[in-house]
Undergrad: 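A single structure is presented below for examination.
Throughout, a chain's letter reflects where its sequence line sits, starting with A, and its residues are numbered from 1.
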Amino acid sequence: MMKYVKLMMKSSTHAVALWGNRAPAHSITAVMITDDQKTIVTGSLEGQICLWHLSMDMKVTSKAILFGHTAAITCLARAREFEKQPYVVSGSENGEMCVWNVNTGHCIENAKLPYRHTAICYYHCSFRMTGEGWLLCCGHYQDILIVDANTLQVLHTFKSQSSDWICCMCIVHSTRIQEDSLVAISTAGELKVWDLSSSVNSIQEKLNVYESESKSLEMANYCAVRFCTYTERLLLVICSSSWKIYDYCDFSLLCTDVCKSGQNFAGGEFLAANRLIIWTQDGHSYIYQLLNSGLSKSVYPGDGGLLKETITPHLLCATSVMEESSLCTMGFINERKEPFFKILYSGDSTGQLNFWHIPDVPVSQFDGSPLEIPLKVNVTLQEMFDRHKSMSEGIIDHLCTPNEGVAFSTVTASLYIPSLDKLVCGCEDGSIVITFALHAARARLLQDHPLLRGSLPHKIFAGHDSSVTSLLYPHGRSEKYDPSWLISGDQNSSIIWRDVFTGDIFHKFTLQSGAILKLLVPPNDYKVKLFQSIYCICSDNSVALLNLQERVCFFHARKHLFPVKSLKWHPVEEVLVVGCEDGSAYVWEIESGTLERHETGEMAKAILTASDDFAIDVNDSMLMATHETQRHSRAIKSSNSNKLGALSHNLLHSEKSSNKVRKQNI
Amino acid sequence: MATAAASGAERRVLEEEFKWLLKEEVHSVLKQLQDILKEASRRFTLPSGTADGATKQENFVLGSSSTDQVKGVLTLQGDTLCQAEVNLKVTRTNQLLHFAFRDDKQWKMQQIQDARNHVNQAIYLLANRGENYTFQTGSEVLKLMDAVMLQLTRARNRLTTPATMTLPEVATSGLTKMFTPSLPADVLLNFYVNVNKLCLLVYQLHALQPNSTKNFRPAGSSVLHNPGAMFELNNQRFEVSHVHKVECVVPWLNDALVFFTVSLQLCQQLKDKISIFSSYWNFRPY
């Protein structure tokens, strides 16, 4: 029914996620199909990886969501010989790399390197290599990194005479040439070739290996390079505005075609000898037959950019698309032992997964016009959630009895108070629901809610007139606060201080600063004046200080241009140091409420690090409740009946929630 | 309840305004951003603003107000140092040393290359959302802005944060092998960019005797190692005796940094505009 998996072997904390009826946002940034064509892997902007099962009749069902990355996924690739071990590697925007077993959902290995990869190719040369092989990586750094597929440690680099970022690459394996090569194109448009199999020893001995050949292609924005394994001769190079075919033997240009205006090419693959498929960023794709015009080499000399023999592309087919879709990431897989499907697949930023079944022999229509290949499968995570609607309820949805009709509105903020075993949920309609956390979780997990329905003690507090955006239980942070206090902030800039047991409102503060994003307590060594005061971070990037006892907002720093990233309170100089997302620092004098300094760059960095000792924890309060330090993965079998409720909707739906979601436990 | 209190008419007006924002205002900001970033990118390829396509060479004389012991003349072509001449006056012997790049050698300033590539990435992201593209949701715009801002922040950080290196890393960086006459064993060099300045560090070393009573503690990674920093290379221990830092402002790096800052503010303003509407739609359609 539900499965949860440990990412770190050392860690003993098990994490369980309860999903509501709304699927978490999953803007697909990377997609791949495993070699056995049974598993589709999608990586998302939110940092999660989703595993989908692909059946023999091309039905797609979601299998698991893998947590572990704290930033957007930038690439996915095979990490072993797939028949031996079903391992896939993922890379993220902030340099994290994880190797996953896609059959079990286990994280096998993880590492954080200061490199942002855009592509990874697995390479193994069994008779020359010891170990599990290499992950050849390229991205926002110079040249090609060689990463050990087993340990994820950087072994070495493939160096270049004119180092630059590499934007795409492919491994050329040719029985004719008897040498595996790595073909890559740099951002400056230089095509480079490194010998792979003969370099294995040199790399293992840490010798420098430079490219064996290079050629300037004089275009920009390359997105793919592919070698034709059928002819072992053609090299397909795709940049956003055109695609070209080169002769791999001498890198002479054979054929070129430009992109329709308003579209950008994104990738492509050889389907067969002289047949290829090219796809665009917006999810269209085109199948071409390359027709050899039969001109001999002697007619046109091969130099000077002239075509030495003309190959003309003939458009055979185009795939149909649902609508003008958003940014896509696509791929094509050719091999399937049974029943031999050729699949074109795409995932887009709205979370849709699309499949086309490409015919073995694509042909144009009788009149020569291109044939349209229909979309075979279109699926989203939300559809998977909808399929099991009966089970998908929020964590507090069972509190309303059936005859009450409508369920509670969406939970927009939540807080767990371990010392009281209370689960506080702030709702979209402004009400706050308080219930016993373990009861609520059990009701969802064990499905014994007929027993608990209606009988579960809970309270509903009113007071807010718009959705609750932040909650704080100050006693959980510092003993100095009364254990009965609960603070809540809403979308309309109101903050309510009340009794968590009775719901009595002590005071309602109203700021004019947009939504209250975060409520924080000052560090322990604060001045007497700041005793029992609360920090608020508002959506207009301002920071307010509320004195609870005097019931006033006595300080409001409003000049920040960028969202607040860190808060530091300097007790000696009595200043508040605010660090913003753009790296700038604002120094506020609390007493007078004046801005003392505004610094950027190095000076800002120095100010922020100097007052590091006095940092106020800006992280989500969830983290405090669960003393969790290790990274966890949870693989939830959502194809089964497991979507049991939501712990907190707002975390799942807000844009940058990935790291918070990852850590929420009950 | 604010959301409910907003009357139907008010809501319609807001929806109209949001549509206008997505359809018109977003594109005008994106256009403005592209123009600024293209200017920034142009600085990296055509520093002096010439339009002949080829990257121009520029000479920079590196000096310091506090010392005249080191002088450097560097020729920068885009991201490449194609010539370098370094004069070093050794105080101990009063000897004047002169080194220059070998004719066949060039040195890539990785910081400049990375910054340029990050800006071009940002331009590419923006170019994919041209005037013909219709943004369906606000979150689409926010995602685009986040991606662009990430590239711009990285571009800026590359220039403002020089790499920290250990002394053995400096010694084996390959830079030392580029000079003619070759550098003496007791001199190390490093080039880097710090904000808008091109910097040259010259370390003078003295070898520690194997039986030295001095407490050997190898120095960690740093941009600049102070005298007294120790390291070990090929079983020989060294101590830094003198450090000389000379620098020169590169005007176009300054321009580029200003463009980055302005662009980042534009991005954030657009994000703020979009976010305002979120309070009326409560996360959902926006």
Undergrad: Report yes if the side chains of A:T350 and B:Q136 come closer than 4.5 Å at any heavy-atom pair, otherwise no.
TA: no

Undergrad: CD/B:Q113 to CH2/A:W165 distance, rounded to the nearest 0.5 angstrom?
TA: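 So the gap between those two atoms works out to 8.5 Å.
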
Undergrad: Looking at B:D104, I'd like to know if its CG atom is crowded, meaning that more than 12 non-hydrogen atoms belonging to other residues, nucleotides or ligands lie closer than 6.0 Å.
TA: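 Counting other residues, nucleotides and ligands, CG of B:D104 exceeds 12 neighbours.
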
Undergrad: Considering heavy atoms only, which positions within residues 114-127 of chain B lie below 4.5 Å of chain A?
TA: B:D114, B:R116, B:N117, B:H118, B:Q121, B:Y124

Undergrad: Of the listed residues (A:S163, A:S162, A:A515), which shares the most heavy-atom pairs with chain B below a 4.5 Å separation?
TA: A:S163

Undergrad: Should the heavy atoms of other residues, nucleotides or ligands under 6.0 Å from NZ of A:K508 be counted, would the total exceed 12?
TA: yes

Undergrad: Does any part of the side chain of B:D272, heavy atoms only, come nearer than 4.5 Å to the side chain of A:N541, both counted from C-beta?
TA: yes

Undergrad: Chain A heavy atoms under 4.5 Å from B:L150: which part of the residue, side chain, backbone, both or neither?
TA: side chain

Undergrad: Step by step, would you call A:L45 with B:K143 a side-chain contact (heavy atoms from CB on, under 4.5 Å)?
TA: CA-CA 9 Å; A:L45 190 71; B:K143 279 176 193 164; 3.4 Å; yes

Undergrad: Side chain from CB out, backbone as N, CA, C, O: work out which of these in B:E131 comes under 4.5 Å of a heavy atom of chain A, or both, or neither.
TA: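 Contact with chain A is absent: no heavy atom of B:E131 under 4.5 Å.
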
Undergrad: With sequence neighbours excluded, give me every side chain to side chain donor-acceptor pair (under 3.5 Å) pair touching residues 255-265 of chain B.
TA: B:R43-B:D255

Undergrad: Mind checking whether B:K108 and A:Q142 have side chains closer than 4.5 Å, heavy atoms only?
TA: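 The answer is no; the side chains never approach within 4.5 Å.
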
Undergrad: What part of A:D540 lies closer than 4.5 angstrom to a heavy atom of chain B: side chain, backbone, both or neither?
TA: neither

Undergrad: At what distance, to the nearest 0.5 angstrom, does CD of A:E581 lie from CG of B:D146?
TA: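 Taking CD in A:E581 and CG in B:D146, the distance rounds to 8.0 Å.
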
Undergrad: Please determine, among A:D490, A:D582, A:N221, the option with the most heavy-atom pairs under 4.5 Å with chain B.
TA: A:N221

Undergrad: Roughly how far, to the nearest 0.5 Å, is CD of B:Q268 from NE2 of A:H560?
TA: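 Spacing of NE2 (A:H560) from CD (B:Q268) equals 13.0 Å.
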
Undergrad: Please indicate whether A:Q512 has more than 12 foreign heavy atoms, meaning atoms of other residues, nucleotides or ligands, lying under 6.0 Å from its CD.
TA: no

Undergrad: Report which part of A:Q263 has an atom under 4.5 Å of a heavy atom belonging to chain B: side chain, backbone, both, or neither.
TA: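 No part of A:Q263 comes within 4.5 Å of chain B.
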
